[in-house]
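All heavy atoms count here, side chains included; hydrogens, waters and symmetry mates do not. So that the names make sense, note that chain A is the first sequence line, chain B the second, and so on, each numbered from 1.
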Amino acid sequence: MSYVFYPGCSLEGTARDFHLSTMAVAKALGLELPELPGWICCGSTAAHQSDPLLALALPAKNLAAANGETVAVCCAACYSRLKAANHEIARDAKVRRQVSDIIGADYDGRTPVRHLLEILARDIGPEKIAEHVKRPLAGLRAVCYYGCLLSRPPEVTNFDDAENPTLMDTLVAACGAEAVDWPHKTECCGASYSITDVGIVQSLTHEILAMAKAAGADCIVTACPLCQLNLDMRQKEIEAKFGESYGLPVFYFTQVLGLALGLEPKALGLSSLVVDPMALVSRI
Amino acid sequence: MSKTVQLADAAADFVAEVEHASAANLAACLQCAKCTSGCPVAARGDVKPHVLVRLVQLGQRDAVLGCRTIWECTSCQTCATRCPQGVSIAAMNDALRQMSRAAGKVVAGTRVPLFNDIFLRTVRRLGRMYEVGLMTSFKLRTRDFFSDTDKVPTMLKKGKLSILPPRVAGKGERKQLFDRARRAGGAK
């Protein structure tokens with residue numbers, strides 16, 4: 001199967017290590033991810049809260065540019081917006097016409113959108129991934145944190161079980177690590193309230209960190225730039241605010257996979273993580 | 001004790017308006033409160049999600065459009081995913097946020113509308129997010145110069161910030177797209 005890659009804005013900014021590790025892992029697996037030329041922002045939360053048609057037109061503009069090729073996405077928020085646009089446009093002829101008028105091209109809402117987790121765990125498959133593992137991550141206890149937007153709402157994303165997704169767990173297990181079961185896989189981290197009302201993020205993220213610790217994990221694995229940023233960059237201030245100590249490295253799933261594939265920490269951007277993972281990495 | 005409430009025409013209009021803008025299937029709500037049970041911000045909100053739906057059903061325009069809850073909703077979609085009646089509360093909240101702004105009823109103190117405006121202006125101008133520009137504008141407008149300033153050196157050291165804005169061709173085309181979306185929305 002061939003794909004065209006939509007990085008999304010975060011992968012050029014705060015989540016540059018997600019981008020770097022995605023490309024490194026893709027190369028190691030022989031997966032080609034050519035970038036969609038001239039892509040623009042999906043509009044994110046700001047668009048769907050402000051302007052319903054703009055919130056469909058921005059994703060549609062990108063999806064139309066893919067010319068029917070399957071669009072591969074890493075960011076959970078971009079994934080959610082691209083999927084939502086497809087859902088609305090494909091089911092309603094009036095919306096399709098309105099959006100087509102806005103973007104200046106007829107777009108039918110049928111360009112397939114796949115999250116990299118779906119590509120790795122479904123299109124390639126954990127067995128095939130396991131064959132590429134050079135350095136099994138034995139002894140690593142990871143909780144997989146999916147956040148909100150991959151699995152909800154399920155009729156839009158059709159990603160995995162909405163309450164108990166397991167795609168990332170199967171990949172982590174294929175790497176030889178233990179995917180620890182825990183109840184906070186799809187709890188919300190507070191997302192962009194990190195900027196507008198940080199108290200929301202601190203209390204929600206605190207609960208996620210506390211549960212990860214209680215589950216006996218020694219790291220958290222994520223699939224969303226905003227989840228990763230909130231759990232990682234705000235971890236220290238949350239520890240101070242709530243009088244706790246977590247010290248949990250927060251990886252992107254591509255970084256964990258990359259380590260198992262034998263790639264160097266530098267090639268996976270591990271130095272971008274705020275909670276230093278190197279003691280843990282050298283232990284496994 | 002039960003009480004019969006007659007909806008005035010204005011109240012019924014409000015229900016229809018929200019339903020039209022969101023297609024949220026609001027009449028189906030049974031008040032089971034499953035949405036509130038799973039809502040990550042219900043504990044802090046001034047109106048619980050199931051109560052908000054009830055207030056909309058009862059046409060309580062001012063209470064609904066002026067509440068804080070719609071500006072604390074994280075759009076996590078847990079409510080919509082778990083609702084046994086298929087009520088799209090998250091979609092309702094998007095519509096309420098837009099109506100709240102249009103009616104000038106936005107609760108004092110929320111910084112979400114300003115953030116959304118700066119975000120979309122950035123995308124219109126540059127095509128992609130530019131975090132340094134976004135945060136600078138946001139801090140200037142909110143006059144909040146000191147929160148998170150400790151994060152900047154960390155982000156620079158960790159390579160999480162691009163100093164230069166993104167360069168994406170097609171500025172004129174983007175401007176047209178935004179303008180057409182706005183016109184089409186207004187003409188609805």
Could you pull out the closest heavy-atom pair between A:A46 and B:N116, with the gap in Å? CA-OD1, 3.4 Å
Which heavy atom of A:E237 sits nearest a heavy atom of B:D148, and at what distance? OE1-OD1, 4.3 Å
Exercise: identify the closest heavy-atom pair between B:R111 and A:T196: NE-O, 3.3 Å
Donor-acceptor pair, side chain of B:R128 and main chain of A:G8, under 3.5 angstrom: no
B:R101 and A:S50: side chain donor to acceptor below 3.5 Å: no
Can you tell me if CZ on B:F146 sees more than 12 non-hydrogen neighbours from other groups inside 6.0 Å? no
Is a donor on one side and an acceptor on the other found under 3.5 Å between the side chain of B:K158 and the backbone of A:S271? yes
If you define the side chain from C-beta out and look only at heavy atoms, does anything of B:K139 sit under 4.5 Å from A:I195? no
Quick check: closest heavy atoms across A:L58 and B:L177, and the distance to 0.1 Å? CD2-CD2, 3.9 Å
Side chain, backbone, both or neither: which part of B:F138 has an atom under 4.5 Å from a heavy atom of chain A? side chain
Using non-hydrogen atoms only, which part of A:L149 is less than 4.5 Å away from chain B: side chain, backbone, both, or neither? side chain
So, the part of A:E163 with a heavy atom under 4.5 Å from chain B: the answer is side chain
Tell me, side chain or backbone of A:L229 under 4.5 Å from chain B's heavy atoms, or both, or neither? side chain
Taking side chain as everything from C-beta outward and backbone as N, CA, C, O, which of these in B:T78 sits under 4.5 Å from a heavy atom of chain A? Side chain, backbone, both or neither. both
Examine distances only and state if a side-chain atom of A:Y193 and a backbone atom of B:C73 form a donor-acceptor pair shorter than 3.5 Å. yes
Separation between OH of B:Y130 and CD of A:E12, rounded to the nearest 0.5 Å: 13.5 Å
Could you pull out the closest heavy-atom pair between B:Q98 and A:D51, with the gap in Å? NE2-N, 3.8 Å
Pairwise distance CD1(A:I40) to CD(B:E173) - rounded to 0.5 angstrom: 8.0 Å
A:S194, part contacting chain B, at a heavy-atom distance under 4.5 Å: backbone
Cut-off 4.5 Å, heavy atoms of chain B, and the answer for A:A162 is side chain
Donor-acceptor under 3.5 Å (A:T14 side chain, B:L161 main chain): no
With chain B as the partner, which of A:S272, A:C9, A:S44 has the greatest number of non-hydrogen pairs under 4.5 Å? A:S272
Are any of the side-chain heavy atoms of A:V274 and B:K160 separated by less than 4.5 Å? yes
Determine whether B:S75 and A:H48 make a side-chain contact, defined as any pair of heavy atoms from C-beta on separated by less than 4.5 Å. yes
Is it the case that over 12 heavy atoms from other parts of the model lie below 6.0 angstrom from the CG atom of B:D9? no
Among A:S10, A:C148, A:A15, single out the residue with the greatest number of heavy-atom pairs under 4.5 Å to chain B. A:C148
Which atom of B:L120 lies closest to which atom of A:G43, heavy atoms considered: CD2-O, 4.2 Å
A:L204, part contacting chain B, at a heavy-atom distance under 4.5 Å: side chain
Quick one: of B:V41, B:V168, B:V112, who has the most non-hydrogen atom pairs under 4.5 Å with chain A? B:V112
